[in-house]
Amino acid sequence: MLKYSAVELGSPLILAPMADVTDRQFRLLLKRMGGIGLVTMEFISSRDIHIRHKRLATILQYSPEERPISIQIYGSDPDLMAEAARFVEDHGADVCDINMGCPANKILKGCAGARLMADLPLARQIIRRCRASVSIALTVKFRAGMDDDRLSYLELGRICQDEGADAVALHPRTAKQMYSGRAEWSRITDLKKILSIPVIGNGDVERPEDVVRMMGETGCDGVMIGRASMKNPWIYRQASSLLRGEAPEEPTLVDRRDLILEHFRLLRAQEEPRRVMHKLRTFTGWYTRGLPEGRDLRVRIGSLESPDHFIRAVMDFFNSQAA
Ligand SMILES: Cc1cc2nc3c(=O)[nH]c(=O)nc-3n(C[C@H](O)[C@H](O)[C@H](O)COP(=O)(O)O)c2cc1C
């Protein structure tokens, strides 16, 4: 059983933090489907936490059903990061995750995210200060390094372990690569070889079979899944079946329809109408990709002016698919 300090993860499969994606409705839906050991919120700026930015009120909401839950923070100032970690603990998170992998320019310019991989003394200080300020599990998520000439994941991994992190997650692309090329899983193997704390592999898991392959090839203790969760939210349940040696079940049309309707129901109950329209267009896009005539539904939903006609459009679409 994978454990982060005292936190037992019922499954070694982890939802990767994704800005604008891993919100409370999406996390809850995935959790209810089963197979997930830990869900993660999108990253939150330590500066926003310091000034108690008003967006925190929305972003930090979660339901007890999602537990265990990890909240990710980022920043470059050790004082602010320590304060943010304490805030996360006070907010009831089971795990505080430090982002040292974000490759976005805006974040790199602030010397945060993956930029810390090029300033390991600062990275160490941040981890040390965060460790000292919380008693919940502390994890660090990072990439391979800034670019191919500045690979620092092995050193950073050792620093995390020395400073008392409970686990690390590696997305083995460089910051320069962003999302191009492939994630080099052999780097996960290398990291696993030198650390005794759990190593979570991440990157390019597209199908449930990839989970088994990543664990087999790299020896990693858990697998974190990002983009594939949107296209196939059943991937955790399917991969869990495979890990138990059972055949994974494919979602039926009814499963897809029910997922869309349930997502809609949660959104309506929890979000303001303006955001409901925006979000339902987005998630219907994810869940209907690859379905014959899925585009028709996306177009129809794109032209809806209010959420009221959403259920009709979805029912019509799936009835026509079934016929
Ligand atoms: C839309 C989007 C938003 C992301 N936001 C975050 C984030 O807030 N924090 C983070 O550590 N990684 C973030 N990531 C990176 C993912 O957590 C993950 O490391 C990456 O997508 C590789 O995994 P995958 O191939 O399974 O998608 C984001 C990725 C995407 C696609």
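Excluded from the calculations below are hydrogen atoms, water molecules and symmetry mates; all remaining heavy atoms, backbone and side chain alike, are included.
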K279 to E271 - nearest heavy-atom pair and separation: NZ-OE2, 3.3 Å

Answer yes when D190 and R158 have at least one side-chain N-carboxylate O distance shorter than 4.0 Å, and no when they do not. no

With a 4.0 Å cut-off on N to O distance, would you call R265 and E262 a salt bridge? yes

Among Ile, Leu, Val, Met, Phe, Trp and Tyr joined by side-chain contacts under 4.5 Å, find the other residues sharing a cluster with L38 and list them by chain and number. L2, Y4, V7, L9, I14, V95, I200, M224

List the residues meeting ring pair (Phe, Tyr, Trp, His ring centres under 6.0 Å) with F26, not counting sequence neighbours, and say none if there are none. W286

Considering residues at least two apart in sequence or located in another chain, which fulfil the side-chain hydrogen bond (donor to acceptor under 3.5 Å, both in side chains) criterion with S196? Q161

If we only count heavy atoms from C-beta on, is the E163 to R131 side-chain gap below 4.5 Å? no

Donor-acceptor pair, distance only, cut-off 3.5 Å: does the side chain of R52 make one with the backbone of I49? yes

Charged N-O contact under 4.0 Å between K141 and D97: no

Donor-acceptor pair, R173 side chain versus S180 backbone, under 3.5 Å? yes

Would you check if there is a donor-acceptor pair between the side chains of T189 and E217 at a distance under 3.5 Å? no

With sequence neighbours left out, what residues match H91 under side chain to side chain contact (heavy atoms under 4.5 Å, CB included)? L60, Y62, I71

Only pairs at least two apart or in different chains count here, so list each ring pair (Phe, Tyr, Trp, His ring centres under 6.0 Å) that has a residue in residues 297-323. F264-F310

Is there a donor-acceptor pair under 3.5 Å between the side chain of D166 and the backbone N or O of T139? no

Which residues pass the side-chain hydrogen bond (donor to acceptor under 3.5 Å, both in side chains) test with D48, not counting sequence neighbours? R55

Can you name the closest pair of heavy atoms from L170 and A144 and give their distance? CD1-N, 4.0 Å

Side-chain H-bond candidate by donor/acceptor type, Q61 with Q270, under 3.5 Å: no

Results of ring pair (Phe, Tyr, Trp, His ring centres under 6.0 Å) for F283 - residues two or more places apart only: H263, Y287

For the residue pair D204 and D210, establish whether any side-chain heavy-atom pair is separated by less than 4.5 Å. no

Taking side chain to side chain contact (heavy atoms under 4.5 Å, CB included) as the definition, give me every residue that meets it alongside D162, ordered by chain and number, with sequence neighbours left out. R124

Neighbour count above 12 (heavy atom, 6.0 Å) for E209 CD: yes

Does D221 come within less than 4.0 Å of K192, counting only side-chain N to carboxylate O? yes

Of L151, D147, L156, which meets side chain to side chain contact (heavy atoms under 4.5 Å, CB included) against M117? L156

Per the salt bridge (Lys or Arg N to Asp or Glu O under 4.0 Å) rule, what does the pair list look like for residues 309-320, sequence neighbours excluded? R300-D316, R312-D316

Report the hydrophobic cluster partners of F43, with the cluster defined as I, L, V, M, F, W, Y residues connected by side-chain heavy atoms closer than 4.5 angstrom, directly or transitively. Y74, I107

Ion pair present between E65 and R32, side-chain N to carboxylate O less than 4.0 angstrom? yes

Set of side chain to side chain contact (heavy atoms under 4.5 Å, CB included) partners for D255, sequence neighbours left out: W234, P251, T252

Looking at residues at least two apart in the chain, or sitting in another chain, which of them share a side chain to side chain contact (heavy atoms under 4.5 Å, CB included) with A118? R115, M146, R150

